[in-house]
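A short write-up of the structure that comes next.
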Amino acid sequence: MLALLTAGVALAVAAGAQDGPAPGNRFVCTALPPEAARAGCPLAAMPMQGGALSPEEELRAAVLQLRETVVQQKETLGAQREAISELTAKLARCEGLAGGKAPGRAASGKDTMGDLPRDPGHVVEQLSRSLQTLKDRLENLEHQLRVNVSTAALPGDFREVLQRRLGELERQLLSKVAELEDEKSLLHNETSAHRQKTESALNALLQRVTELERGNSAFKSPDAFKVSLPLRTNYLYGKIKKTLPELYAFTICLWLRSSASPGIGTPFSYAVPGQANEIVLIEWGNNPIELLINDKVAQLPLFVSDGKWHHICVTWTTRDGMWEAFQDGEKLGTGENLAPWHPIKPGGVLILGQEQDTVGGRFDATQAFVGELSQFNIWDRVLRAQEIIGIANCSTNMAGNIIPWVDNNVDVFGGASKWPVETCEERLLDL
């Protein structure tokens, strides 16, 4: 800038020396204010007030004014360079912390601190661009610092806090598990103690029942007892200890008393593996009394649900499946083709008061017998009518040769009980 101004002054002096001023014309150079000098906009020449100056003096004054302007611009540029240097130093320190780039250079490698354009407008524009570049670089550095802090420092702290929290939760969980184990152990101990108490009470009751049964065994005869089944449930029943051999004919007789309605239920059932209805006597709902053999059915014309003692006998033979039904010594029905040529299978379970869906179990309360049973006997032959009449009118005492009615051959379960009874005497009371 200074060189340019000097060259301009020299040219002006040379032109004045050669041509000289035109007659009647005078040019006056006026000092420029600093603002106009910075903007690079010279003011229009103003005529001087007062005396005239020689051309040399006018040129000298113009040179001095230009020199002052150049000095002021140099001071301004110096101040701006100091600010830029300070910002550059700060930027270098920041870049050094970030791992960085050479101070004083942009990302492209171009030196932004090189020679500036000589036009003052271009200088200001270039300085503005440089400042904007520095500002962008500072913002990038701040962003990188934030990213580095968020990805390096904070996750570590967060990981540590998370690990501590997980440790606390794990300790709490282990403590809770230990408490639950202690409670489980206490509960198990309490349950075991309660079970032992219950078993002791049940054993005491069973012992008492056994004693009572032994006391009841002081019957006038071993067969002078009855089994009482007072409720229609699936757990009251009696069980015959002895089982059946293979049979080709049988006679089953018993005394029973029931006032249950509808239907008396199942006085007895015999089940074998593979056939739950090997022999069953049942009155279920509003159906008549039925005799089932090998799951084949014959309806019997018997009526016993009047609350009185009745003597029932049924006979059957595998030959042609012939059957007979007696009530109180009187034959009320007969038939054939009931499971013909089918032998009764041995080794099954004989239950009093319940119908078996499996061998010895799966009772249905709706099919349970409600009432009293006595003198349940089984023969391996078909009894003659006179024999059945003698048993029914108590003139003959015949025990079954296959299943006799004796106290030590009958067990009771679920609340069923055995009581002394003389069925013939009680029958007389019913008349």
Side-chain angles (χ1 to χ4, degrees), residues 217 219-227 237-256 266-272 275 277-281 291-294 298 300 302 309-331 334 338-353 356 359-360 372-412 418 421-424 427:
S217 295
F219 303 143
K220 295 178 180 179
S221 63
D223 63 347
F225 71 96
K226 63 182 177 181
V227 172
Y237 65 98
K239 181 178 179 181
I240 304 298
K241 295 180 181 179
K242 193 176 180 180
T243 188
L244 297 180
E246 186 176 52
L247 297 176
Y248 298 91
F250 65 76
T251 298
I252 300 176
C253 295
L254 72 154
W255 286 89
L256 62 82
T266 308
F268 68 88
S269 64
Y270 176 68
V272 296
Q275 180 53 269
N277 296 324
E278 188 69 3
I279 307 175
V280 180
L281 184 67
L291 176 64
L292 282 71
I293 297 179
N294 192 31
L300 310 182
L302 305 178
W309 281 105
H310 293 282
H311 188 260
I312 300 299
C313 281
V314 292
T315 69
W316 173 86
T317 176
T318 186
R319 183 175 180 179
D320 295 326
M322 296 291 297
W323 62 269
E324 296 174 318
F326 294 81
Q327 179 175 329
D328 299 327
E330 181 182 0
K331 182 190 292 187
T334 184
L338 177 59
W341 314 110
H342 170 76
I344 301 301
K345 297 178 182 177
V349 175
L350 192 54
I351 296 293
L352 301 178
Q356 305 173 65
V359 177
E372 296 172 326
L373 299 173
S374 183
Q375 297 297 322
F376 180 82
N377 292 277
I378 300 180
W379 295 263
D380 60 355
R381 62 184 178 86
V382 176
L383 296 183
R384 291 178 289 111
Q386 291 300 322
E387 292 175 314
I388 294 175
I389 293 173
I391 296 172
N393 61 24
C394 298
S395 62
T396 304
N397 186 10
M398 291 180 59
N401 67 331
I402 300 299
I403 301 293
W405 182 254
V406 290
D407 180 28
N408 59 8
N409 192 38
V410 181
D411 288 333
V412 290
K418 293 193 286 187
V421 69
E422 286 290 347
T423 52
C424 289
R427 182 188 180 192

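Quick caveat, the model's predicted, so the values are computed rather than measured.
Legend: residues meeting side chain to side chain donor-acceptor pair (under 3.5 Å) with Asn393, ordered by chain and number and at least two apart, are Ser395. Asp380 pairs by the side chain to side chain donor-acceptor pair (under 3.5 Å) definition with Asn401, not counting sequence neighbours. Residues that satisfy the side chain to side chain donor-acceptor pair (under 3.5 Å) test with Ser374, not counting sequence neighbours, are absent from this structure. With sequence neighbours excluded, no residue forms a side chain to side chain donor-acceptor pair (under 3.5 Å) with Lys241. Listed by chain and number, the residues in a side-chain contact (heavy atoms from CB on, under 4.5 Å) with Ala392 are His311 (sequence neighbours excluded). For the side-chain contact (heavy atoms from CB on, under 4.5 Å) test, residues two or more places apart in sequence or in another chain that qualify with Asn277 are Gln275, Val280, Leu292, Asp295, Glu355. When the side-chain contact (heavy atoms from CB on, under 4.5 Å) test is applied to Ala399, the partners found at least two apart in sequence or on another chain are Asn377, Pro404. For the ring pair (Phe, Tyr, Trp, His ring centres under 6.0 Å) test, residues two or more places apart in sequence or in another chain that qualify with Tyr237 are Phe363, Phe413.
Heavy atoms only, all atoms of each residue included: Ile389 and Gly329 are closest at CG1-O, 3.2 Å. Contact detail for Val272 and Pro346: the closest heavy-atom pair is CG1-O, 4.1 Å. Shown here for Ile293 and His342, the closest heavy-atom pair between the two residues is CG2-CD2, 4.4 Å.
Between Trp405 and Phe376, the angle of the ring planes goes over 60°, which puts this pair in the perpendicular group of the 30/60° scheme.
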Q. Can you list the steps and then say if Phe268 with Ile240 is a side chain to side chain contact (heavy atoms under 4.5 Å, CB included)?
A. CA-CA 10 Å; Phe268 68 88; Ile240 304 298; over 6 Å; no
Q. Run the side chain to side chain contact (heavy atoms under 4.5 Å, CB included) check on Asn294 and Glu278 step by step: do they pass?
A. CA-CA 4 Å; Asn294 192 31; Glu278 188 69 3; 3.9 Å; yes
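Residues Ile312 and Gln327 form a side-chain contact, since some pair of their non-hydrogen atoms from C-beta on lies under 4.5 Å apart. Side-chain contact check for Glu387 versus Trp379: every heavy-atom pair is 4.5 Å or farther apart. A heavy-atom distance below 4.5 Å is found between the side chains of Thr243 and Tyr270.
Remark: side-chain polar atoms of Asn409 are not paired, donor with acceptor, to backbone N or O of Ile403 under 3.5 angstrom. Of the possible polar contacts, one joining the Lys418 side chain to the Asp407 backbone as a donor-acceptor pair under 3.5 Å is found. No donor-acceptor pair closer than 3.5 Å links the side chain of Gln375 to the backbone N or O of Ile391.
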Expected list for residues 245-255: side-chain donor-acceptor pairs under 3.5 angstrom, two or more places apart:
unit_1, atom_1, unit_2, atom_2, d
Glu246, OE1, Tyr248, OH, 3.1
Thr251, OG1, Arg381, O, 2.6
Thr251, OG1, Leu383, N, 2.9

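Rounded to the nearest 0.5 angstrom, Leu338 CG and Leu291 CG are separated by 5.5 Å. Distance CG/Leu256 to CG/Leu302: 9.5 Å, rounded to 0.5 Å.
Residue pairs meeting the side chain to side chain donor-acceptor pair (under 3.5 Å) criterion with at least one partner in residues 312-324, sequence neighbours excluded, are Thr315-Glu324, Glu324-Lys331.
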